[in-house]
Structures are given as structure tokens and as C-alpha cells.
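Take a look at the structure below.
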Amino acid sequence: MSNRRSRQSSSARRISDDQMIDLVGKLRQFLPEIRERRRSDKVSASKVLQETCNYIRKLHREVDNLSDRLSLLLDSVDEDSQEAAVIRNLLM
């Protein structure tokens, strides 16, 4: 009985094909490399997911880079200045 209940609850959480197509379409809108292609160009869901992961990694690198630059800038200004307060707020 518990095995049957387990199968029913896991099937209720599955994403339908239509939902998957909708989600991949939404992801596609956020990916510059894929978004620039013509809509008629077929891009597989696995390609969209791979590009999503690559894009997220790129964004993480950019955030890290900007954080490092702000830290260097903070080190170069007077600790009590208004600029330092702004930089500290950006880093938080």
C-alpha cells in the first residue's frame, strides 16, 4: 500500500510535457546566445539547459569580479567617507 501511495505522490509532482516546453521557452528568453537566434531555429531542451548553466556561471564570475573591484576601491578611499559608505552598501 505504501509503495502505491509513493508512486502516486511522485507522479503528481512530475512536470507535464506542456509545462516543460513552457519552462524551456521562458529560459530561452533569458539566454542572449539563444535569444538572438530565429524562433524557427530548433534548440533542444538539453541545449537550453546547458546554456542556462553556462550563463549562470558567467554571471557568477562577473559578480565575483565586480565584488573584487569594489573591495579594491574601498581599500583606496577614506574609511569614513561617503564613498566608502556607498561601496560598503553595494558589497552587502
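Quick note: numbers below take in every heavy atom, side chains included, and nothing from hydrogens, waters or symmetry partners.
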Legend entry - Within 6.0 Å of CD in Glu62, more than 12 heavy atoms from elsewhere: yes

Legend entry - Approximate separation, where rounding is to 0.5 Å, of Gln50 CD and Lys47 NZ: 7.5 Å

Legend entry - Heavy-atom neighbours of Gln19 CD exceed 12 at 6.0 Å: yes

Legend entry - Positive for side chain to side chain contact (heavy atoms under 4.5 Å, CB included) with Leu70, one of Val86, Ile87, Asn65: Ile87

Inset, instruction - Kindly say whether Leu74 contributes a backbone atom to a donor-acceptor pair with the side chain of Arg88 at under 3.5 angstrom? - result: no

Inset, instruction - Indicate, with yes or no, if Ile21 and Leu23 share a hydrophobic cluster defined by side-chain heavy-atom contacts under 4.5 Å among Ile, Leu, Val, Met, Phe, Trp and Tyr. - result: no

Legend entry - Flag side-chain contact, heavy atom, 4.5 Å: Leu72 against Arg69: no

Legend entry - CG on Asp64 to CG on Leu59, rounded to 0.5 Å: 11.0 Å

Legend entry - Where Arg28 and Ile34 come nearest, the two heavy atoms and their spacing: CG-CG2, 3.2 Å

Inset, instruction - Give the minimum heavy-atom separation between Tyr55 and Phe30, together with the two atoms involved. - result: CE2-O, 3.6 Å

Inset, instruction - Heavy atoms only: give me the nearest Leu31-Val48 pair and the separation to one decimal. - result: CD1-O, 3.6 Å

Legend entry - Heavy-atom pair with the smallest gap, counting every atom of Ile15 and Met20: CG2-N, 3.6 Å

Legend entry - Ser67 side chain to Val63 backbone, donor-acceptor under 3.5 Å: no

